[in-house]
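Heads up: the structure comes next, in structure tokens.
These numbers come from the heavy atoms of this one structure, side chains and all, not from hydrogens, waters or symmetry mates.
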Amino acid sequence: MKSLKFLFSFAFLILLLNSCEKDDDEIDQEKPKINLEIDGAFPVNCDTLYFGETFTFKVLFSDNAELGSYSIDVHHNFDHHTHTTEVNECDLEEIKDPVNPYVSIVDYDIPEGKTSYETSLEITIPSGDENGEFDRGDYHFFISLTDKEGWSTQKGLSIKMMDR
Amino acid sequence: MNKAFVLLLCTNILYSLSLGQSQFAIRGVVVDENSKALPGATVFLEPVNKGTITDEAGKFEFRKLDKGRYNIKITFVGYAPISDSIWLDDAAVVYNAQLSVSPVYLEEVVVKDNYKEMRKKETALNVEIVDDAYVRQNLGGSLMKSLDRLPGVTTLDIGSGHSKPVIRGLSFNRVVVVENSIKHEAQQWGADHGLEVDQYAIDRIEVIKGPASLMYGSDAIGGVIDLKNRKLPEVNSLGGTIDLTGKTNNDFLGTSLALQGRKNWFFASIRATLLDYGDYKVPTDSVDIYSYRAALHKNHLRNTAGEEQNLHAFFGVIQKKIQSKFYVSNVTSKSGFFANAHGLEPRSVDTDLHDKSSRDIHYPYQTVSHFKLINTSYYQWDDRLQLELDLGGQRNFRQEWSQYVSHGYMPAVFPDTLSFNPDLERQFEKYVYTGNLKLSYELNDKANLKAGVSSEYQDNRIDGRGFIIPAYQQLTIGGYAFVSHAFSKRSELQFGVRYDYGHIHTEAYRDWFSSPVTLTDGDTSAAYLQRAGVINRSFSNVSWSIGYNYSLEKWLVNANVGKSFRMPIAKELAANGVNYHRFSYEVGNSELSPEVSYQFDLGVTYGSGKLSIGLSPFFNYFPNYIYLNPSSDHDRLYGNGNQVYYYTQSKVMRYGGELHFQYQLIKSIQLEIVGEYIYSKQLSGEKKGYTLPFSPPPSAIFSIRYQKQKIRFIETPYLFVDYKATAAQNNIVPPEEPTDGYQVINTGLGGTISLFHQQINISLQVQNLFNTKYFNHTSYYRLINVPEPGRNFIVNVSIPFSTKQTKNNNKQ
């Protein structure tokens with residue numbers, strides 16, 4: 001019986017040890033946020049971008065600790081393969097095969113030490129490349145944001161890319 | 001008979017003489033071939049019809065007998081029974097018996113305690129052993145899922161049919177799976193990789209918890225799952241088994257047919273298995289894949305159906321001094337991935353197509369074919385020396401298919417000039433050749449030596465449109481020596497040392513399409529990017545282990561301390577591509593050093609009649625754990641701007657343990673508690689202070705089990721209820737989310753019935769009895785908020801047949 005007691009107290013000790021082990025280090029467990037609700041945010045869901053023109057990318061990024069970087073990816077959605085993260089769905093054109101779709105994948109730095117950052121980025125969309133004019137129609141505008149700790153958030157927007 | 005046995009015999013006679021002459025009694029000791037005590041053997045005395053079971057020292061006793069002639073029968077599962085007659089005219093007669101292993105395993109029900117206990121006494125590491133009956137009673141979606149209930153064992157799941165073993169929180173290439181003495185090699189680094197193992201073809205599973213690199217080589221840093229196909233047919237017999245399995249959650253149908261025969265020294269068996277299942281059901285209408293919400297049709301997790309076809313042949317010769325066995329098997333499967341959450345980003349799917357039937361498999365899906373040819377030969381040189389040679393060849397062929405989607409700057413329209421199918425996402429073809437030589441030598445009465453050499457060569461080829469790991473060739477070779485020395489019957493010291501050498505050569509890979517790159521002068525130009533360069537790395541390491549076992553009558557204490565190591569794998573050195581399950585971009589590091597682990601293990605077991613308690617704490621330290629670190633970077637040349645994860649190394653500390661409690665309430669009712677706890681923390685690097693990914697939360701199973709020898713026409717009926725309580729996991733690391741605690745009830749019942757002299761084993765199970773919606777922190781689909789499967793009724797019927805039962809009709 002004595003030995004049994006020993007075993008129990010041993011088990012108890014281990015349990016106690018574990019329950020006391022609260023992490024003293026502050027660990028960041030919060031994801032960064034992408035805010036499209038600010039005044040003049042662009043583009044938002046169902047917006048249209050125009051070939052051959054420049055637009056200003058304006059959204060508000062925030063994080064509890066420190067922002068990392070963001071990336072913008074624009075690719076066609078002619079096959080309706082993707083949907084938006086926003087509540088409202090947009091009207092899509094008929095499904096079609098791509099011929100020369102526009103594609104752009106660019107990552108951008110955020111100045112160090114920021115917990116909040118409003119972008120004001122000028123992006124020019126060419127109207128074509130050496131293969132001719134880009135396809136008009138439904139596109140997907142994908143924003144990915146990270147913080148310094150490696151947490152990430154994504155927004156996927158349905159947009160149209162047209163001629164003015 | 002050796003000295004110890006004779007000594008034992010003498011003491012018994014003395015003991016019996018010293019007793020008073022008032023009553024007649026029979027007593028004795030039952031031992032095995034090695035003169036080791038056999039606890040749990042059944043001793044039956046006729047005509048008084050008295051029965052008893054040998055105690056831990058193998059002793060039995062019948063008292064208050066009358067003078068006369070008795071028949072004694074001694075039986076133990078797995079051993080040839082002994083039947084003898086005794087003339088009792090003295091006050092006490094000593095009857096000692098030595099049982100020898102019988103090759104008759106055909107209708108064996110449970111390989112219980114004895115082997116387990118012997119194995120536990122033999123090793124200072126913590127071992128769990130289960131047999132096929134256990135697997136049948138706890139049947140999960142895959143073999144590994146069926147082991148989930150064992151203390152210290154969890155699974156890393158993706159979908160219903162793919163589970164990776166996790167031992168004390170470590171998985172992937174940190175756990176070695178051995179099937180029939182040969183290390184199972186596939187693409188185990190991949191999240192979507194299950195195990196190409198037929199769960200019907202396995203009849204004993206040993207789980208070694210803790211670093212076992214010493215005996216099993218480089219990857220066994222976290223533990224070992226040793227799968228054995230060990231049952232041999234009876235001498236001069238023909239027989240077989242049919243298994244039928246059904247599950248309601250994913251409309252699973254499975255069958256396996258085995259035929260076996262033996263003519264004296266030659267035996268052969270064949271097995272065919274067919275499985276087919278539909279999409280599995282989860283108790284939710286929709287799931288949130290990161291920020292995307294996807295509606296589910298009738299609770300079905302879209303496109304998670306699958307099928308499997310397996311063939312095995314097992315044959316060989318059994319002689320007294322030589323045994324040679326051949327295993328040939330081919331395991332083929334096709335299974336779908338959850339269609340909304342595979343690829344570069346969460347996808348909309350053609351719901352008309354996908355939701356038409358829950359049984360069809362559309363894109364994205366994977367096909368895997370795993371072929372094995374194994375020979376294990378065993379030679380008994382003399383009483384002291386045994387040799388074993390294992391040779392194996394394997395081919396793993398895996399294809400992942402999905403609709404062509406241009407990654408980064410891949411052309412939107414697939415050119416028809418390329419050699420591969422545009423829908424072939426990835427292909428891996430891996431050839432593995434293994435050779436092991438082991439010897440076991442008895443140095444003297446007290447000391448034993450085990451030594452061996454193991455070697456393996458891998459050749460991996462790749463194809464398909466997407467790149468993740470390069471083609472590579474890898475050679476590993478290692479030698480070890482392991483000495484155990486018994487100071488007494490009670491205490492034993494073990495010491496082992498191992499040297500390993502490994503070399504890996506990875507091939508260069510260049511994109512098949514061009515991407516725009518910025519030149520130094522600021523202009524952009526199109527280039528075929530090199531994703532992987534040639535890497536040549538050699539590694540060597542000395543590992544060691546010291547263990548000590550001490551057994552007192554009711555106590556068994558073991559302690560082990562050791563150093564293990566693991567070579568970085570091709571993925572860790574040279575990955576450069578998208579992980580389609582979490583939409584991340586993974587980058588290897590060619591400079592990684594081999595991972596080293598120091599671990600201290602303790603095991604304390606107390607067992608007395610009705611009660612048994614075991615506690616197995618461990619402490620583990622990695623000076624350079626290889627960790628896939630989610631960074632703040634984004635990729636711009638592949639995929640669609642995904643977050644980049646880099647392989648890095650950090651100091652990691654882990655500790656935890658398992659608790660096992662068993663109490664025999666009354667003869668037929670057993671209470672059981674199984675608990676496990678793991679804590680891990682990164683002590684350096686970018687994620688200093690964080691835990692490791694997929695850390696299992698603390699959990700406990702409270703179980704009550706009713707079991708009898710016989711109720712009316714049902715033999716060995718059982719009924720159990722498992723109540724599993726799992727704590728919340730708030731100790732997380734990007735990209736995880738905290739997971740709430742949950743409680744689930746699983747229950748099962750079964751037994752054996754005889755219909756027209758035909759034995760039928762039936763086991764029924766209900767998993768997640770109350771259809772509880774809960775999340776499993778160690779599921780890959782947890783990241784996309786897919787709850788665990790809903791209520792599931794499982795039926796397994798196993799019908800063994802053999803010529804012995806129909807003696808009159810068939811001539812042998």
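When each of A:K155, A:K31, A:K148, A:Q29 is scored by its heavy-atom pairs under 4.5 Å with chain B, the top score falls to A:Q29. Between chain A and the options B:S632, B:A412, B:S608, the largest number of non-hydrogen pairs under 4.5 Å is found for B:S632. Ranked by non-hydrogen atom pairs under 4.5 Å with chain A, the options B:S348, B:G641, B:A294 are led by B:S348. When the candidates B:S631, B:P738, B:G343, B:P516 are compared by the number of heavy-atom contacts under 4.5 Å with chain A, B:S631 comes out ahead. The candidate with the highest count of non-hydrogen atom pairs below 4.5 Å against chain B, out of A:D107, A:N77, A:T153, A:V106, is A:D107. The greatest number of non-hydrogen atom pairs below 4.5 Å with chain B, out of A:I72, A:D28, A:I143, is found for A:D28. Counting heavy-atom pairs closer than 4.5 Å to chain B, the top residue among A:T146, A:D135, A:D147, A:L145 is A:T146.
Within 6.0 Å of CD in B:E553 there are 12 or fewer heavy atoms belonging to other residues, nucleotides or ligands. Annotation: A:K96, atom NZ; neighbour count of heavy atoms from other residues, nucleotides and ligands within 6.0 Å is above 12. Atom NZ of A:K33 is surrounded by 12 or fewer heavy atoms from other residues, nucleotides or ligands within 6.0 Å.
For chain B, no part of A:L67 is nearby; none of its heavy atoms comes within less than 4.5 Å. Contact annotation for A:V74: neither backbone nor side-chain heavy atoms come within less than 4.5 Å of a heavy atom of chain B. With a 4.5 Å cut-off on non-hydrogen atoms, B:K554 does not touch chain A at all. For A:H81, the parts lying near chain B are the backbone and the side chain together; criterion is any non-hydrogen pair under 4.5 Å. Heavy atoms of B:N730 lying under 4.5 Å from chain A belong exclusively to its backbone. Within the 4.5 angstrom heavy-atom criterion, no atom of A:D97 approaches chain B. Using a 4.5 Å cut-off between heavy atoms, B:D635 touches chain A through its backbone atoms (N, CA, C, O) alone. The contact between B:N640 and chain A is made by backbone and side chain atoms together, counting heavy-atom distances below 4.5 Å. Contact annotation for B:E737: only side-chain heavy atoms (C-beta onward) come within less than 4.5 Å of a heavy atom of chain A. Heavy-atom distances place the backbone of B:R293, and not its side chain, under 4.5 Å from chain A. Interface residue B:V733: only backbone heavy atoms are found under 4.5 Å from chain A.
There is no side-chain donor-acceptor pair under 3.5 Å between A:S71 and B:R636.
Between A:F61 and A:Y117, the ring planes lie parallel to each other; the angle is under 30°, not in the 30° to 60° tilted range.
Remark: aromatic rings of A:F55 and A:Y50 are distant, center separation not under 6.0 Å. A distance of 6.0 Å or more separates the ring centres of B:F600 and B:F619. Ring-centre distance between B:H581 and B:F337: below the 6.0 Å cut-off.
Of the listed residues (A:D91, A:D47, A:D138), just one forms a side-chain hydrogen bond (donor to acceptor under 3.5 Å, both in side chains) with A:K160, and that residue is A:D138.
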Problem - Criterion ring pair (Phe, Tyr, Trp, His ring centres under 6.0 Å) on A:H140 and A:H76, from CA distance to verdict - result: CA-CA 6 Å; A:H140 191 58; A:H76 79 81; over 10 Å; no
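Salt bridge status for A:R164 with A:E53: present, with a side-chain N to carboxylate O gap under 4.0 Å.
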